[in-house]
Amino acid sequence: MLAELDRIARAGTPVLFPMHPRTRAAVERFGLAGLLERLAVTELVGYGDFLGLANHAALLVSDSGGVQEECSVLGRPLLVVRRSTERPEAVEAGFAALVQPGEELGGLARSWLSDTPERLARLAATPSPYGDGLASARIAAPTAALAGLGAEPVVPLAA
């Protein structure tokens with residue numbers, strides 16, 4: 001994976017890599033630090049910062065199941081480095097693709113990055129298979145009304 005991320009960075013695409021401490025230890029253990037030189041490596045980021053970064057990413061690469069849901073709400077493409085997923089809806093809707101580490105990852109990443117404006121426009125017009133992100137507001141309004149607190153109307157936030 002690191003070799004392919006390095007290859008993407010060498011081609012001129014900025015790559016931000018919030019690295020887990022276990023990954024950092026493996027990089028050091030296997031002598032792979034040279035593959036990080038062209039990447040913008042950071043410590044892990046919190047959830048809010050992650051969402052902010054993801055919202056502006058041309059492409060995400062992850063093995064996280066949760067990121068598969070978030071990318072569809074944000075309208076961002078995701079390469080899922082796994083053999084299978086418990087969230088096939090993101091793949092079926094076109095937000096994500098399952099990919100093996102190595103050359104397959106790099107090839108698909110380059111392909112998806114080559115049509116970024118078109119892909120982002122297509123994803124922005126595709127509804128998230130996981131909902132619109134307003135479930136908590138829809139739950140809070142009737143709950144507040146039942147408690148006699150009144151309720152504010154549900155107003156979607158701009159992405």
Side-chain angles (χ1 to χ4, degrees), residues 1-24 26-27 30 32-138 154-159:
M1 286 180 56
L2 290 178
E4 291 304 315
L5 293 176
D6 174 64
R7 200 165 158 196
I8 291 166
R10 276 188 281 133
T13 300
V15 176
L16 176 65
F17 183 30
M19 189 171 8
H20 193 281
R22 285 191 303 262
T23 304
R24 185 176 302 280
V27 165
F30 295 110
L32 301 173
L35 295 174
L36 301 177
E37 291 174 1
R38 291 174 194 82
L39 310 182
V41 179
T42 68
E43 299 297 320
L44 291 180
V45 297
Y47 184 67
D49 290 334
F50 164 75
L51 290 177
L53 291 168
N55 192 43
H56 296 285
L59 177 67
L60 294 122
V61 177
S62 180
D63 63 353
S64 166
V67 173
Q68 294 173 60
E69 294 179 13
E70 288 136 350
C71 77
S72 70
V73 173
L74 296 172
R76 290 315 209 217
L78 169 69
L79 298 181
V80 183
V81 185
R82 294 172 66 173
R83 287 178 171 48
S84 64
T85 178
E86 64 282 2
R87 293 173 177 87
E89 301 89 348
V91 174
E92 292 163 2
F95 290 98
L98 291 173
V99 63
Q100 298 298 309
E103 290 182 14
E104 182 181 350
L105 167 62
L108 192 54
R110 285 185 292 281
S111 172
W112 280 28
L113 287 167
S114 72
D115 73 349
T116 296
E118 297 85 3
R119 183 173 302 280
L120 292 178
R122 191 169 54 253
L123 294 179
T126 304
S128 170
Y130 304 108
D132 60 7
L134 298 175
S136 61
R138 289 190 185 99
V154 175
V155 178
L157 298 174

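The line from CD of Glu92 to OG of Ser72 is 12.0 Å long, rounded to the nearest 0.5 Å. For the atom pair Leu79 CG and Leu108 CG, the distance stands at 5.0 Å (nearest 0.5 Å). Taken to the nearest 0.5 Å, the CZ atom of Arg7 stands 14.5 Å off from the CG atom of Leu2. Between atom CD of residue Glu69 and atom CD of residue Glu89 there is a gap of 8.0 Å, rounded to the nearest 0.5 Å. Rounded to the nearest 0.5 Å, atoms CD (Gln68) and CG (Asp63) are 9.5 Å apart.
Looking at Phe50 and Leu60, their side chains come closer than 4.5 Å, going by heavy atoms from C-beta outward. No side-chain heavy atom of Val99 sits under 4.5 Å from any side-chain heavy atom of Val80. Using a 4.5 Å heavy-atom cutoff, the side chains of Leu36 and Val27 are in contact. Considering only heavy atoms from C-beta on, Thr42 comes within 4.5 Å of Leu16 through its side chain. Contact of the Pro77 side chain with the Cys71 side chain is not registered, since no non-hydrogen atoms from C-beta on lie closer than 4.5 Å. A 4.5 Å side-chain heavy-atom check between Leu78 and Phe95 finds every atom pair outside the cut-off. Proximity of Val81 to Leu105: side-chain heavy atoms (C-beta onward) are separated by under 4.5 Å at one or more points. With a 4.5 Å cut-off on side-chain heavy atoms, Leu123 and Arg76 do not count as touching.
At a threshold of 4.0 Å, the pair Asp6-Arg38 counts as salt-bridged, since one of the basic side-chain nitrogens sits closer than that to a carboxylate oxygen. Look at Arg110 and Glu4 and you find a salt bridge, because one of the NZ, NE, NH1 or NH2 atoms lies within 4.0 Å of a carboxylate O, short of that distance. Remark: Arg24 engages Glu43 in a salt bridge, criterion side-chain N to carboxylate O under 4.0 Å.
Between Pro127 and Ala125, the shortest heavy-atom contact is CD-O, 3.7 Å. For Val73 against Ser128, the heavy-atom pair with the smallest separation is CG2-OG, 3.8 Å. Nearest heavy-atom pair across Leu44 and Pro18 is CD2-O, 3.8 Å. Between Gly94 and Trp112, the shortest heavy-atom contact is O-CH2, 4.4 Å. In this structure, Leu98 and Glu104 approach most closely via the heavy-atom pair O-OE2, 4.1 Å. Considering every non-hydrogen atom in both Leu113 and Ala58, the closest pair reads CD2-CB, 3.9 Å.
Surrounding CD of Glu86 are more than 12 heavy atoms belonging to other residues, nucleotides or ligands, all under 6.0 Å away. Within 6.0 Å of CD on Glu103 lie no more than 12 heavy atoms contributed by other residues, nucleotides or ligands.
Under the 3.5 Å distance criterion, the side-chain polar atoms of Thr126 are matched with a main-chain donor or acceptor of Arg122.
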